Number of protein chains: 2
Amino acid sequence: MNHAARDVLNHHALRATDGRVRILEALRDAGRPLRVGELHDRLGTDRPDLVTVYRTLDRFVASAIARTVLLADGIRRYEIADQRHQHHLTCTECGRIEPLPFCEFSSLEALALQKHGFRVTDHMLELFGTCRDCAHHPR
Amino acid sequence: MNHAARDVLNHHALRATDGRVRILEALRDAGRPLRVGELHDRLGTDRPDLVTVYRTLDRFVASAIARTVLLADGIRRYEIADQRHQHHLTCTECGRIEPLPFCEFSSLEALALQKHGFRVTDHMLELFGTCRDCAHHPR
DNA sequence: GTTATTGCAAAGCGTTTGCATACCA
DNA sequence: TGGTATGCAAACGCTTTGCAATAAC
C-alpha cells in the first residue's frame, strides 16, 4: 500500500514525503470526493499542516493525480483521478455522495454543436435527490 | 419597467426599495448569471452597499425570484428564476456563458433509480468548450 | 408609528503567500 | 549539498453578522 503511493508520487516526479503519501492514501481510501478540511481531519495524529494539504492537492491536480469535483454547494472537493471522468449522486437528506458509473452525453454534445456552434470539451453533471437508505428511513 | 420590478417585489411581500428594484432590474438585464461583485458593479453611481446586494440576493432566492447557478469555477452566480430550470454552455476561451434551452434527463434519472435506488429530485449540468466565435477567431 | 431595510465596521471562514527551517534525493 | 517541501504566521478575498440610523408601508 505504502509503496504503491510512493510509486505514484515518484512516477509524477513528486518527492515522496510522508505527508504526501498519507494525503494520497486518504484520498484513495475515501472513495468519494473530499473537502480540504475533511481530508485534513482524516490524517489523524501528527498530521501535516492544513496549508500543506492545500499545497499538496494543488500539486496533485497539476500532476493529474487528483482532480477537483464541484457540486451544487460550491465547495471544492478532491478525488483521485485514476478513474474515468465521473458524476455523482448527492443525497440531500444525509449528504452522502455516491459515484455514478455511467456517462452518456454524446447526443447532447452533438446538439450543442448543431444548434449553437459550440464544441463541447468537458461537462459537469451532478444529480441530487434521496438515496435508498434515506428513502427507507425518513427523518 | 420600473413598475414591473416593483410589482414582482410586492407580489413576494418584499418592500420595494430603490436598491431592490435596481438589483432586480440589473439581474434581469444581464441575461446571464452574474457574480455578486459583477452585479454590484453594474448598479452604477450611488449604488447600494455590497452587503445589501448579498442580503437582497438571499431574499430573492428565498422568495424564488432568483436562483443560484453553479459552474465549474465554484463561484456562485445568480440569475432570475422566472424561466425553467436551465443549463449553460460556458466557453473556456472567452468565458461567455450561454443558456441552453433544453434539458433531457428522464432516462438518466430512471437509471439512477433502478440501479442505485436513488430518487433524483434535481440535477446540475454544465457544458464547457469552445463557442462559435472563438472557434472562428482563435487567439 | 411600527417594522423591515440599509450602511458601516468588523468578524468569519476558506484559501493563499512569505519566509525561515527541515527534509528528500 | 542543493533544491524542494513544510510549518507557522499573517495576508487575502469573499461572505456574514451586529448594531444604530433610515426608510417603507
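The structure presented is a predicted model; accordingly, all values stated were derived computationally and were not measured. Here is how names work: the chains are called A, B, and so on, in the same order as the sequence lines, proteins then strands, and each is numbered from 1.
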Residues that Asp49(A) engages under salt bridge (Lys or Arg N to Asp or Glu O under 4.0 Å), provided they are two or more places apart: none
Pair Leu9(B)-Thr17(B), side-chain contact (heavy atoms from CB on, under 4.5 Å): steps then yes or no: CA-CA 9 Å; Leu9(B) 293 172; Thr17(B) 64; over 6 Å; no
Partner residues of Asp41(B) under the salt bridge (Lys or Arg N to Asp or Glu O under 4.0 Å) criterion, sequence neighbours left out: Arg47(B)
Inter-axis angle, terminal five-pair segments of the helix from dG1(C)-dC25(D) to dA25(C)-dT1(D) [nearest 10°]: 40°
Spacing of His12(A) atom NE2 relative to dT4(D) atom P, expressed in whole Å: 19 Å
Review item, nucleotides 21-25 of chain D N/O atoms under 3.5 Å of protein N/O:
| from | atom 1 | to | atom 2 | distance (Å) |
| --- | --- | --- | --- | --- |
| dA24(D) | N3 | Arg15(B) | NH1 | 3.1 |
| dC25(D) | OP1 | Ala16(B) | N | 3.1 |

Residues that Arg42(B) engages under salt bridge (Lys or Arg N to Asp or Glu O under 4.0 Å), provided they are two or more places apart: none
Separation of atom CG in Asp7(A) from atom P in dA25(C), rounded to whole Å: 12 Å
Nucleotide dC14(D), atom P - distance to CG of Asp49(B) in whole Å: 15 Å
Tyr78(B) side chain near Leu34(B) side chain, heavy-atom distance below 4.5 Å: no
Spacing between Ile23(A) atom CD1 and dG7(D) atom C1', to the nearest angstrom: 13 Å
Whole-Å gap separating C1' (dG7(C)) and CG (Asp46(B)): 12 Å
Interatomic distance, Glu25(A) atom CD to Arg20(A) atom CZ [nearest 0.5 angstrom]: 14.5 Å
Glu79(B) and Arg32(B) ion-paired at < 4.0 Å: no
At a cut-off of 3.5 Å, list every protein nitrogen or oxygen paired with a nitrogen or oxygen from nucleotides 16-20 of chain C, distance to 0.1 Å.
| from | atom 1 | to | atom 2 | distance (Å) |
| --- | --- | --- | --- | --- |
| dG18(C) | O6 | Arg55(A) | NH1 | 3.4 |

Atom pairs and distances, side-chain donor-acceptor, residues 52-61 of chain B, under 3.5 Å, sequence neighbours left out:
| from | atom 1 | to | atom 2 | distance (Å) |
| --- | --- | --- | --- | --- |
| Thr56(B) | OG1 | Thr52(B) | O | 2.6 |

Rounded distance in Å - CZ (Phe60(A)) to P (dA5(D)): 11 Å
Side chains of Arg28(A) and Val8(A) in contact at under 4.5 Å (non-hydrogen atoms): yes
Interatomic distance where CG belongs to Leu57(A) and P belongs to dA5(D) [whole Å]: 14 Å
Contact under 4.0 Å: Arg59(B) side-chain N or O vs dT5(C) OP1/OP2: yes
Residues that Asp18(A) engages under salt bridge (Lys or Arg N to Asp or Glu O under 4.0 Å), provided they are two or more places apart: Arg22(A)
Atom pair CD1/NE2 of Ile23(B) and His40(B) - distance to nearest 0.5 Å: 8.0 Å
